[in-house]
Enquirer: 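Have a look at this one.
Below, all heavy atoms of this structure are taken into account, side chains as well, without hydrogens, waters or symmetry copies.
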Amino acid sequence: MTLLEVINLIAFLTVAGYAVYLFAHVVYSRYTFIRLGKPANLKKDLQNRLNEVWVNVFGQRKLLKDKKSGIMHVVMFYGFIIIQFGAIDLFIKGLAPGYHLPVPAYPVFTLLQEITVFAVLLAALYAYYRRFIEKLPRLKRGWKAGLVIWFLTSLMLSILLSAAFEQLWLGHTASWATPISSLIAAPFAPWLSEEAAAVLFYVFWWAHALILFSFLVYVPQSKHFHLIVAPVNTFLKRQGPPAKPSLIDFEDESATSYGAGKIEDFDQKQLIDLYACVECGRCTNVCPASGTGKMLSPMDLIVKMRNHLTAKGAAITSRSPWMPAFAFSEANQAALGVEVTREEDGSYNYPINLVGDVITETELWACTTCRNCEDACPVMNEHVEKIIDMRRYLVLTEGNMPAEAARTFQNIERQGNPWGISKKDRYNWTEELDVPVPTVKEQKDFEYLLWVGSMGSYDNRSQKITRALVRLLHHAGVKFATLGKKEKNSGDTARRMGNEFLFQQLAMDNIQQFEKYNVKKIITLDPHAYNVFKNEYPDLGFEAEVYHHTQILAKLIREGRIRPTKEVKERVTYHDSCYLGRYNDEYDAPRYILQSIPGIELVEMERTRENAMCCGAGGGMMWMEEREGVRINTARTEQALTVRPSLIGSACPYCLTMLSDGTKAKEVEDQVKTMDVAEVLEMAVDFDDKAEQAEGVH
């Protein structure tokens, strides 16, 4: 080994060692910041977790929902993995001239490397086009956003140029195994000396090394930390029902606050989410609040929380958040110079408040909890639970909430419904029925409890859905009963609006009634009640078979209990309820019912199934006024009207109310009807036809 080769080796090891040290320091600092959170209670479900990684990390399933950027990302993802072997090969060539990575079929290896490098280079150029020329609205622009494109482009060019000048330096001829670098080398071959080629090789070799090591240090300090954290976040994704709020133990006398008012109030899994964010904007792009001019942006919420965690974490741990320290002395001093004191409850007294200063109340109350952001997120971030946790802090700890929310809680506490209508009127919806509606006291051998819900009991429009469902169940011979005037609110509204105490109170009262009357199966026309009974009441000790009314009606049609024989000539577009669809993956039952009806032409909106836009009523927003931008229900109605329906169908009383208001706002209520799927089915059934009726549904 010559003296120059020794110097080159020492210089390389010094630079590489320093870069790895900086990388390790930053990663460990972020790790200590995450450790400030509470321990996460995660299910030990290894197989499902590995499947998540396989499908969403290696399969890139969510990224491929947007085909253009998805394919670009697949090329970059797999290309970068392949190119790392090429980087090792390139470093060997520079440290030990004449040698290379000892792999079988080496010419095939170099061919694969060059093809991959060229593909990644094209992908990087396309990324630049999407962000800076096409100017996709969901993508940020600026030098930070373009830095990674510069890194990738420079890295790819340095690889090809190094290979080209190595070929001239060592006197190799053009080869099928190095088609692109051979093409680059061709113009230089007639006049460039071997010595000059060697110098140029090392110029681009060092350029590659310095850019690569700079990128290594940059990654954990930027949104590109997702390269490391996203696979971890995907593996740790909460198993089971999505966006299920954690239970609060109100009997814990040591608790001094409830909800998440400080960043360390979140658990460690929630904090990992913050560093997994890639700032791709997919969440904000589909958010109904953001899309209609509200202040909330799910991406910005995560980014602001991440920046707050980094700043507060640095102040608490005294670890520099940015490296190399000399290049970020002012930023580090600003973070480390903040005085932090420890409270008795274990939290830290920090001059900047998470709720209020970092995340505003306006943002928190704009969320409809629809989960479209979570469904779109390629790194499995969970936004809704964080928002609910911060709402809990406002409601339960500070007693700070909009007047409409306070009034809703008060009405539910006093009368068991959000309007505050008398409990005595809960059963009035049965007065216009021509069939009996037994209560659990009157019919002891019922199979199903029919949970009517507040909307189905009190709202005049929703009462029509309840009556249609009751007639259909009677026609099919289903044995059911209701709680009558003893029914209360399910608690979903209170929980999503942050009043966990009221939710638990309602849930325990309902569970007491369920157990008293030995309820084993529940039918409800309210997707919110369906979700809370099925997925959240089990945490409080009650489990039952829970069915949405469309699931039961679809089952009855399949079994011949209900026969839709009368023609209903309507062009129908179906709106997916968030709590039936994204929360519980039920998209087919309502469509099966509609498709079984003669005369129905079913047409789909552009945003449908898991990507359907929220109606605007979820998360307690049914009871609150929209004061910013366009009304969400109007925007959703406009989307429905683009497919020229004569009828907009839904399977949720909240959605139906919002869509009905939407058609009125667009002044098309006379041309376009809004109906629940059960009402449409009722129109198609000949109630005098009892031939196929059986003893019940089992």
Side-chain angles (χ1 to χ4, degrees), residues 27-50 52-53 220 225-226 228-277 301-302 305-306 308-319 321 340-350 354-355 358-359 374 377 379-393 396-397 495 498 500 504 535-536 538-541:
V27 171
Y28 186 74
S29 294
R30 270 42 175 189
Y31 169 74
T32 62
F33 303 162
I34 290 169
R35 292 274 296 175
L36 295 173
K38 298 175 180 177
N41 182 23
L42 301 174
K43 289 183 179 179
K44 296 178 181 178
D45 194 341
L46 181 61
Q47 187 57 52
N48 279 340
R49 295 187 182 284
L50 291 174
E52 290 282 358
V53 172
F225 198 21
H226 79 275
I228 300 165
V229 181
V232 175
N233 201 47
T234 302
F235 180 76
L236 295 177
K237 180 180 179 288
R238 296 185 195 278
Q239 302 298 303
K244 183 173 74 171
S246 58
L247 281 176
I248 293 178
D249 182 5
F250 290 104
E251 295 182 2
D252 181 5
E253 296 180 358
S254 65
T256 57
S257 70
Y258 300 108
K262 299 181 178 181
I263 198 72
E264 64 268 26
D265 290 335
F266 292 103
D267 69 37
Q268 292 165 7
K269 167 60 181 69
Q270 291 174 307
L271 298 185
I272 290 174
D273 277 7
L274 309 184
Y275 288 120
C277 179
L301 179 133
I302 294 292
M305 289 177 67
R306 180 187 71 200
H308 179 64
L309 172 61
T310 301
K312 188 172 183 178
I316 291 170
T317 63
S318 299
R319 291 187 63 86
V340 180
T341 56
R342 191 78 180 265
E343 301 289 342
E344 291 183 4
D345 63 355
S347 63
Y348 297 89
N349 187 17
Y350 189 71
L354 172 65
V355 180
V358 179
I359 307 299
E374 296 184 1
C377 180
V379 295
M380 307 294 129
N381 277 348
E382 297 164 316
H383 311 69
V384 173
E385 189 181 8
K386 297 176 185 65
I387 291 173
I388 291 175
D389 281 341
M390 287 185 276
R391 283 184 180 179
R392 285 171 164 180
Y393 174 77
L396 298 173
T397 302
R495 188 169 224 198
E500 177 71 10
Q504 291 191 24
N535 298 324
E536 298 176 14
D539 289 346
L540 294 167

Enquirer: Hey, are the side chains of Phe266 and Glu385 touching, using non-hydrogen atoms and a 4.5 Å cut-off?
Expert: no
Enquirer: Nearest 0.5 Å, please: how far is CD1 in Ile263 from CG in Leu274?
Expert: 5.5 Å
Enquirer: Kindly indicate whether the side chain of Lys386, heavy atoms from C-beta on, has any atom under 4.5 Å from the side chain of Ile302.
Expert: yes
Enquirer: With rounding to the nearest 0.5 angstrom, report the CZ to CZ distance, Arg495 to Arg391.
Expert: 13.5 Å
Enquirer: About how many Å separate CD1 of Ile387 and CD1 of Ile359, when rounded to the nearest 0.5 Å?
Expert: 8.5 Å
Enquirer: Work out which heavy atom in Ala315 is nearest to a heavy atom in Val340; give both atom names and the distance.
Expert: CB-CG2, 3.6 Å
Enquirer: If you measure from the Lys or Arg side-chain nitrogens to the Asp or Glu carboxylate oxygens, is any gap between Arg306 and Asp273 under 4.0 Å?
Expert: no
Enquirer: What about the rings of Tyr258 and Phe250, do their centers lie closer together than 6.0 Å?
Expert: yes
Enquirer: Does Gln239 reach the main-chain N or O of Asn48 with its side chain, forming a donor-acceptor pair under 3.5 Å?
Expert: no
Enquirer: Restricting to side chain to side chain donor-acceptor pair (under 3.5 Å), what partner residues turn up for Arg392, sequence neighbours left out?
Expert: Asp389, Glu500
Enquirer: Let's go through Asn233 and Lys269 carefully: what are the C-alpha distance in whole Å and the side-chain angles of both, what is the deciding distance for side chain to side chain donor-acceptor pair (under 3.5 Å) to 0.1 Å, and is it a yes or a no?
Expert: CA-CA 8 Å; Asn233 201 47; Lys269 167 60 181 69; 3.1 Å; yes
Enquirer: What is the minimum heavy-atom distance between Ser254 and Asp252, and which atoms define it?
Expert: OG-OD1, 2.5 Å
Enquirer: Listed by chain and number, what are the side chain to side chain donor-acceptor pair (under 3.5 Å) partners of Gln47, not counting sequence neighbours?
Expert: Asn51
Enquirer: Might you work through the side chain to side chain contact (heavy atoms under 4.5 Å, CB included) test for Thr256 and Thr397, ending with a clear yes or no?
Expert: CA-CA 8 Å; Thr256 57; Thr397 302; over 6 Å; no
Enquirer: Under the side-chain hydrogen bond (donor to acceptor under 3.5 Å, both in side chains) rule, what pairs show up with a residue in residues 27-42, not counting sequence neighbours?
Expert: Ser29-Arg319
Enquirer: Start with the C-alpha gap between His308 and Tyr350, add the side-chain angles, then the distance that decides, and say whether side chain to side chain contact (heavy atoms under 4.5 Å, CB included) holds.
Expert: CA-CA 11 Å; His308 179 64; Tyr350 189 71; 3.8 Å; yes
Enquirer: Considering all heavy atoms of both residues, which atom of Tyr275 and which atom of Thr310 are nearest to each other, and what is their separation?
Expert: OH-OG1, 2.7 Å
Enquirer: Show the numbers, then the answer: is there a side chain to side chain contact (heavy atoms under 4.5 Å, CB included) between Leu271 and Leu309?
Expert: CA-CA 8 Å; Leu271 298 185; Leu309 172 61; 4.1 Å; yes
Enquirer: To the nearest 0.5 Å, what is the distance between CD (Gln270) and CG (Asn381)?
Expert: 11.0 Å
Enquirer: Taking only residues two or more places apart in sequence or in another chain, which ones pass side chain to side chain donor-acceptor pair (under 3.5 Å) with Gln268?
Expert: none
Enquirer: With sequence neighbours left out, what residues match Asp267 under side chain to side chain donor-acceptor pair (under 3.5 Å)?
Expert: Arg238
Enquirer: Look up atom SG in Cys377 and atom NE2 in His383, then write down how far apart they are to the nearest 0.5 Å.
Expert: 5.0 Å
Enquirer: Which atom names give the shortest non-hydrogen contact between Thr234 and Glu52, and what distance separates them?
Expert: CG2-O, 3.5 Å
Enquirer: Please give me the minimum heavy-atom distance between Val27 and Pro220, naming the atom from each residue.
Expert: CG2-CB, 3.9 Å
Enquirer: Tell me, with the steps shown, if Asp265 and Lys262 meet side chain to side chain contact (heavy atoms under 4.5 Å, CB included).
Expert: CA-CA 5 Å; Asp265 290 335; Lys262 299 181 178 181; 3.7 Å; yes
Enquirer: With sequence neighbours excluded, what pairs up with Asp249 under the salt bridge (Lys or Arg N to Asp or Glu O under 4.0 Å) test?
Expert: none
Enquirer: Considering all heavy atoms of both residues, which atom of Ala314 and which atom of Phe33 are nearest to each other, and what is their separation?
Expert: N-CE2, 3.4 Å
Enquirer: Is Lys312 salt-bridged to Glu264, cutoff N-O under 4.0 Å?
Expert: yes
